[in-house]
Amino acid sequence: MRFVSVNTWLIVINVLVFILNNVVFQNVQRGVGSGTYYLKGVTEVQAARGQVERRLAQLDRDGTFHCPIFDPETMQVDPLGRPVPVAIGYERFRVQPEIEAVGHFSTWKFWKEGQLWRLITFQFLHFDHWHLLFNMLGLWFVGGLVEQYLGRRRYAVFYLVCGVCGALAYMLLNLFGYFLLQAGAKPSIPFLLFDDPYTPLIGASAGVFGVLMAASFIAPTAIVQVMLIIPMKLRTAVYIFLALALFNLYKGGHNAGGDAAHVGGALAGAFLIRRPYIMRDLVGGFGLFPRRQESKPIGHQSDRATSGSEALRAGPAAAAPARYAAFDRIIEKARVEGSESLTEAERAIVRGMMQSERDS
């Protein structure tokens, strides 16, 4: 399906998953375990005997059910003088649509339960149509630019890795906050997340922020319409979005966990777009990218040792590094001076290199 861009496929998959999760299987619910907790002083023997009483489940404000756990062999007398089992703890669970239950990311689902697939699946889930709309608009407006710059397969890897880094950033800040809270710290330290480690994280925003950062590097002076009204340079707009996410994370405001993922995805995107060869290296062992003689990154110092004319006289094998060096210089010129500063010859070189990357 090469005639459809990877960016388009990402949008289509996100929309299809949203329809399946929020429309088709909306009423197919599943209880997802959110941890078992015991009261202080409960022994391992008591915990082993414990029985969960789901008929007495109570719903908290955060949407979590608490089911008491009783020890049937340890009795106490209730106010009416009747012997009843002693409550030794409680089990928690959330009720979610089937696809969201299996695919969402949370700190404990990944860190404690080892459910690694959630690093990928959470990126294709969304809370509501507005959440989906804004993320897909971001991909629609700038994703094609980044895909053209990186090539199809490297763009797919770039997008997913940015999403993974967003989830890992969320998890690390949540782990630090959780352990400090257990140690007696107040839940008011800037940039740390003191949320329940089972809090679900879903959405494509981390990957989208990575793509936005990449686009601001490729075409920083391109003019975009923020909110479809305000004209602004792409780099300025993206940095404003990032600054807002950082500020909300610092203040611990609403959706601070989501903004932690946004910042993680943005930092990954800023790092990877300057080192596109990393995407090839990440998946080279899986055979997704054919091996080439010229495996050095664009702009590698040794690529500049041979002039273009000398390389052309020496043959195609020697010309390849010089082409990459020339391409690197042209991209840097476009980034600093704007794409309108490129000559027709330079544009032809860029088109040729982009086509070769897409065909590889």
Side-chain angles (χ1 to χ4, degrees), residues 5-11 14 123 130-152 154-163 165-166 169 203-249 258-259 261-276 278-279 298-299 327-343 346-347 349-351 353-354 357-358:
S5 70
V6 169
N7 195 63
T8 301
W9 275 119
L10 289 173
I11 295 173
N14 273 281
Q123 302 182 43
W130 291 112
H131 190 202
L132 174 72
L133 177 63
F134 284 117
N135 279 334
M136 295 306 100
L137 282 176
L139 282 183
W140 177 263
F141 284 127
V142 300
L145 170 69
V146 181
E147 180 177 353
Q148 186 180 30
Y149 180 84
L150 291 174
R152 291 171 58 87
R154 283 197 293 195
Y155 175 69
V157 175
F158 174 87
Y159 173 82
L160 293 175
V161 170
C162 288
C165 289
S205 307
V208 172
F209 260 76
V211 172
L212 287 170
M213 290 296 289
S216 71
F217 172 79
I218 297 168
T221 60
I223 301 300
V224 295
Q225 301 290 330
V226 177
M227 304 298 293
L228 304 178
I229 304 173
I230 308 170
M232 190 178 298
K233 289 184 178 179
L234 178 57
R235 179 171 54 194
T236 303
V238 172
Y239 286 178
I240 289 175
F241 295 152
L242 179 59
L244 291 174
L246 278 167
F247 179 74
N248 190 55
L249 178 59
D259 280 324
H262 299 165
V263 173
L267 293 177
F271 177 82
L272 291 173
I273 196 61
R274 291 164 171 81
R275 299 160 182 83
I278 291 179
M279 274 76 76
I298 295 174
F327 178 73
D328 189 29
R329 289 192 294 271
I330 294 170
I331 292 300
E332 181 63 19
K333 177 182 176 182
R335 188 179 73 84
V336 175
E337 303 177 18
S339 58
E340 64 278 2
S341 67
L342 300 183
T343 66
E346 290 170 333
R347 294 175 187 273
I349 292 173
V350 171
R351 287 193 295 269
M353 289 296 294
M354 293 295 187
E357 284 296 321
R358 286 194 293 270

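These values consider heavy atoms only, across backbone and side chains, with no hydrogens, waters or symmetry-generated copies.
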> Do you know which two heavy atoms are closest between G210 and F158, and how far apart they sit?
Replying inline: O-CZ, 3.4 Å
>> If you define the side chain from C-beta out and look only at heavy atoms, does anything of Y159 sit under 4.5 Å from Q123?
In response: yes
Let me check something: any side-chain donor-acceptor pairs from residues 223-234 under 3.5 Å, sequence neighbours excluded? List them with distances.
none

> Who are the ring-ring contact (aromatic ring centres under 6.0 Å, His included) partners of F209, not counting sequence neighbours?
Replying inline: H262
>> Nearest 0.5 Å, please: how far is CD1 in I218 from CZ in R235?
In response: 13.0 Å
> Who pairs with A156 by side chain to side chain contact (heavy atoms under 4.5 Å, CB included), at least two apart in sequence or on another chain?
Replying inline: V6
> Could you give all pairs that pass the side-chain hydrogen bond (donor to acceptor under 3.5 Å, both in side chains) test and reach residues 263-272, with sequence neighbours left out?
Replying inline: none
> Between C162 and G207, what is the shortest heavy-atom contact and its length?
Replying inline: CB-CA, 4.0 Å
>> Distance check, rounded to the nearest 0.5 Å: L160 atom CG versus Y155 atom OH?
In response: 10.0 Å
>> Suppose we screen for side chain to side chain contact (heavy atoms under 4.5 Å, CB included). Which residues come up paired with L267, at least two apart in sequence or across chains?
In response: V263
> When L244 is tested against each of I240, L242, N248 for side-chain contact (heavy atoms from CB on, under 4.5 Å), which residue passes?
Replying inline: I240
>> List the residues meeting side chain to side chain contact (heavy atoms under 4.5 Å, CB included) with F271, not counting sequence neighbours, and say none if there are none.
In response: R275, I278
> Is there any side-chain hydrogen bond (donor to acceptor under 3.5 Å, both in side chains) pair reaching into residues 206-215, and which pairs are they, with sequence neighbours excluded?
Replying inline: none
> Which is it for L272 and M279 under the side chain to side chain contact (heavy atoms under 4.5 Å, CB included) test, yes or no, and what are the steps along the way?
Replying inline: CA-CA 8 Å; L272 291 173; M279 274 76 76; 4.0 Å; yes
>> The criterion is side chain to side chain donor-acceptor pair (under 3.5 Å); which residues satisfy it with T236, sequence neighbours excluded?
In response: none
Tabulate below the donor-acceptor pairs under 3.5 Å that side-chain atoms of residues 134-146 make, not counting sequence neighbours, or state none.
residue	atom	partner	partner atom	Å
N135	OD1	S205	OG	3.0
N135	ND2	H126	NE2	3.2
N135	ND2	H131	O	3.4
N135	ND2	S205	OG	3.2

> About how many Å separate CD1 of I11 and CG of L132, when rounded to the nearest 0.5 Å?
Replying inline: 9.5 Å
